[in-house]
Amino acid sequence: MRKIEHLGIAVKDLEQSNQLFAKLLGKDNYKEEVVEGEGVKTSFFMIGETKIELLEATRPDSPIAKFLDKKSEGIHHIAFDVENIFAEMDRLKSEGFEILNEIPKEGADNKIVVFLHPRSTNGVLVELCQEKKG
Ligand SMILES: CC[C@H](C(=O)O)C(=O)SCCNC(=O)CCNC(=O)[C@H](O)C(C)(C)COP(=O)(O)OP(=O)(O)OC[C@H]1O[C@@H](n2cnc3c(N)ncnc32)[C@H](O)[C@@H]1OP(=O)(O)O
Ligand SMILES: [Co+2]
């Protein structure tokens, strides 16, 4: 793990939350991006070396929709930047962590990503992010 890549925050209304976080952080988001595969629309704010990722569900079966059905808006996951996602997956599996997707999937902001089940990480949904090469 090289650094915290982003903190994912589940929100009901991305536009409203964009305005709120722009006031909070004193700067605007630098991009919005829909990730169809996850059923999310994301909005990114750069804060020093790390980011805030706001996430709104784009469809009812999105993990964000399910999260908001059960809980309130708030911190959804923490993402770590990794050099080699496959090596990290092997290491974490050997340490007993539960990988949710054996094949890295398309992430936002030019990443491939893997998730660990919160039941293997003290209740924190963890995402691994590797910059897409080339
Ligand atoms: C990839 C695009 C973007 C990016 O950064 O590039 C993203 O970050 S997309 C983010 C949205 N996608 C995901 O979250 C994918 C990974 N998540 C999942 O596979 C599911 O959400 C999962 C497996 C974590 C939970 O799904 P499930 O259907 O099992 O939901 P339940 O409500 O039944 O939860 C089971 C159990 O887990 C606890 N839980 C659920 N979500 C979270 C969470 N975000 N943080 C911590 N814990 C969570 C939930 O409370 C249940 O615990 P229990 O003790 O049984 O009540
Ligand atoms: Co994320």
Side-chain angles (χ1 to χ4, degrees):
M1 312 283 196
R2 294 193 300 191
K3 68 172 184 175
I4 293 175
E5 211 290 323
H6 63 263
L7 200 54
I9 299 175
V11 299
K12 292 180 183 138
D13 180 327
L14 197 60
E15 279 324 302
Q16 201 173 57
S17 295
N18 270 338
Q19 289 166 34
L20 181 73
F21 275 80
K23 274 189 229 161
L24 175 71
L25 303 172
K27 60 189 312 187
D28 289 337
N29 63 335
Y30 68 89
K31 79 184 303 187
E32 286 187 2
E33 185 179 344
V34 172
V35 181
E36 279 307 337
E38 289 301 305
V40 296
K41 184 174 185 185
T42 62
S43 173
F44 285 92
F45 294 79
M46 198 76 203
I47 298 294
E49 284 279 299
T50 190
K51 302 164 190 167
I52 296 286
E53 175 191 59
L54 303 180
L55 299 127
E56 180 188 67
T58 57
R59 51 176 199 256
D61 66 340
S62 159
I64 296 300
K66 188 161 185 180
F67 180 87
L68 291 172
D69 286 346
K70 279 183 82 173
K71 303 171 191 266
S72 61
E73 290 181 308
I75 293 178
H76 179 261
H77 62 275
I78 185 166
F80 295 99
D81 172 63
V82 297
E83 171 80 31
N84 179 327
I85 202 162
F86 293 101
E88 207 57 28
M89 286 166 73
D90 289 344
R91 184 183 72 79
L92 292 167
K93 261 189 276 187
S94 71
E95 298 280 10
F97 292 96
E98 188 180 338
I99 308 277
L100 280 165
N101 53 297
E102 282 300 330
I103 300 167
K105 48 189 173 181
E106 282 293 307
D109 222 14
N110 198 43
K111 302 280 187 299
I112 56 170
V113 303
V114 162
F115 288 89
L116 307 184
H117 200 292
R119 64 177 161 237
S120 66
T121 53
N122 280 160
V124 178
L125 179 59
V126 169
E127 178 183 6
L128 309 179
C129 299
Q130 177 190 303
E131 193 76 28
K132 272 189 200 156
K133 304 229 191 292

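Below, each value reflects all heavy atoms present in this structure, side chains not excepted, and no hydrogens, waters or symmetry copies. Each ligand, and each atom within it, is numbered from 1 in the order the structure gives. Each residue takes its place number in the sequence, starting with 1.
- Closer than 4.0 Å to atom 12 (N) of ligand 1 lies at least one heavy atom of the protein.
- Atom 14 (O) of ligand 1 has its closest protein heavy atom at H76 CE1, 3.1 Å.
- The nearest pair of heavy atoms linking E5 to D81 is CB-N, 3.7 Å.
- Closer than 2.8 Å to the Co ion (ligand 2) sit the protein N, O or S atoms H6 NE2, E53 OE1, H77 NE2, E127 OE1.
- Within the structure, the closest approach of R119 to ligand 1 does not fall below 4.0 Å when heavy atoms are considered.
- Under the 4.5 Å side-chain contact rule for hydrophobic residues, L116 and F86 share a cluster.
- Side chains of H76 and E53: a donor-acceptor N/O pair is absent below 3.5 angstrom, by distance only.
- Nearest protein neighbour of atom 15 (C) of ligand 1, counting heavy atoms only, is E38 OE1, 3.4 Å.
- Annotation for ligand 1: atoms under 4.0 Å from non-hydrogen atoms of F67 are 43 (C), 44 (N).
- I85 and F115 are assigned to two separate hydrophobic clusters, defined by single-linkage of ILVMFWY side chains at heavy-atom distances under 4.5 Å.
- The protein does not reach atom 52 (O) of ligand 1 closely, with no heavy atom under 4.0 angstrom from it.
- Following chains of ILVMFWY side-chain contacts shorter than 4.5 Å, one cannot reach V113 starting from F80, and the two form parts of different hydrophobic clusters.
- Looking at A108 against ligand 1, both its backbone and its side chain come within 4.0 Å, counting heavy atoms.
- In terms of protein heavy atoms, atom 48 (C) of ligand 1 is closest to P118 CG, 3.7 Å.
- For ligand 1, none of its N or O atoms has an N or O atom of T42 under 3.5 Å away.
- For K66, every heavy-atom contact with ligand 1 shorter than 4.0 Å involves the side chain, none the backbone.
- Across N101 and M89, no two heavy atoms sit closer than the pair O-CE, 3.8 Å.
- Every atom of ligand 1 is numbered from 1 in the order shown, and the set under 4.0 Å from a heavy atom of G107 is 1 (C), 6 (O).
- Cluster membership check: L20 shares its hydrophobic cluster with L14, using side-chain heavy-atom separations under 4.5 Å among Ile, Leu, Val, Met, Phe, Trp and Tyr.
- Atom 3 (C) of ligand 1 has as its closest protein heavy atom E53 OE2, 3.4 Å.
- In the vicinity of P63, heavy-atom distances shorter than 4.0 Å reach the ligand 1 atoms 12 (N), 13 (C), 14 (O), 21 (O).
- Counting only heavy atoms from C-beta outward, the side chains of K27 and I47 approach each other to under 4.5 Å.
- Remark: distances from the non-hydrogen atoms of H6 to ligand 1 include one below 4.0 Å.
- With hydrogens and angles disregarded, a donor-acceptor distance shorter than 3.5 Å links the side chain of T42 to the backbone of E33.
- The aromatic rings of F44 and Y30 sit tilted relative to each other, their planes meeting at an angle between 30° and 60°.
- Distances from atom 29 (O) of ligand 1 to the protein include no heavy-atom value under 4.0 Å.
- Scanning all protein heavy atoms for the shortest distance to atom 56 (O) of ligand 1 gives K70 NZ, 4.3 Å.
- Those atoms of ligand 1 that come under 4.0 Å of a heavy atom in V113, given as number and element, are 1 (C).
- Closest protein heavy atom to atom 25 (C) of ligand 1: H117 NE2, 4.9 Å.
- Of the protein's heavy atoms, at least one falls inside 4.0 Å of atom 5 (O) of ligand 1.
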What do the steps show when you test V114 against E88 for side chain to side chain contact (heavy atoms under 4.5 Å, CB included), and what is the final call?
CA-CA 10 Å; V114 162; E88 207 57 28; over 6 Å; no
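- Within a 4.0 Å radius of atom 32 (O) of ligand 1, the protein contributes at least one heavy atom.
- Atoms of ligand 1 lying under 4.0 Å from at least one heavy atom of H77, given by number and element, are 8 (O), 10 (C).
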The test is side chain to side chain contact (heavy atoms under 4.5 Å, CB included); show your working for I78 and I4 and say whether it passes.
CA-CA 7 Å; I78 185 166; I4 293 175; 3.9 Å; yes
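- The number of heavy atoms from other shown groups lying within 6.0 Å of CD1 (I75) does not exceed 12.
- For atom 1 (C) of ligand 1, the nearest protein heavy atom lies under 4.0 Å away.
- Between F21 and F45, the ring planes lie tilted relative to each other; the angle falls in the 30° to 60° range.
- V124 and F67 fall into different hydrophobic clusters, where Ile, Leu, Val, Met, Phe, Trp and Tyr side chains are chained together by heavy-atom contacts under 4.5 Å.
- Closest to atom 17 (N) of ligand 1 among all protein heavy atoms lies L125 CD2, 4.0 Å.
- L100 places a side-chain heavy atom less than 4.5 Å from the side chain of L125.
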Any chance you could lay out the side chain to side chain contact (heavy atoms under 4.5 Å, CB included) test for M1 and L92, step after step, and finish with the verdict?
CA-CA 11 Å; M1 312 283 196; L92 292 167; 4.1 Å; yes
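- Distances below 4.0 Å separate heavy atoms of G123 from the following atoms of ligand 1: 46 (C), 47 (N).
- Of the protein's heavy atoms, K71 NZ, 3.2 Å lies nearest to atom 50 (O) of ligand 1.
- The one candidate from E49, E131, E83 that meets the salt bridge (Lys or Arg N to Asp or Glu O under 4.0 Å) condition with R2 is E83.
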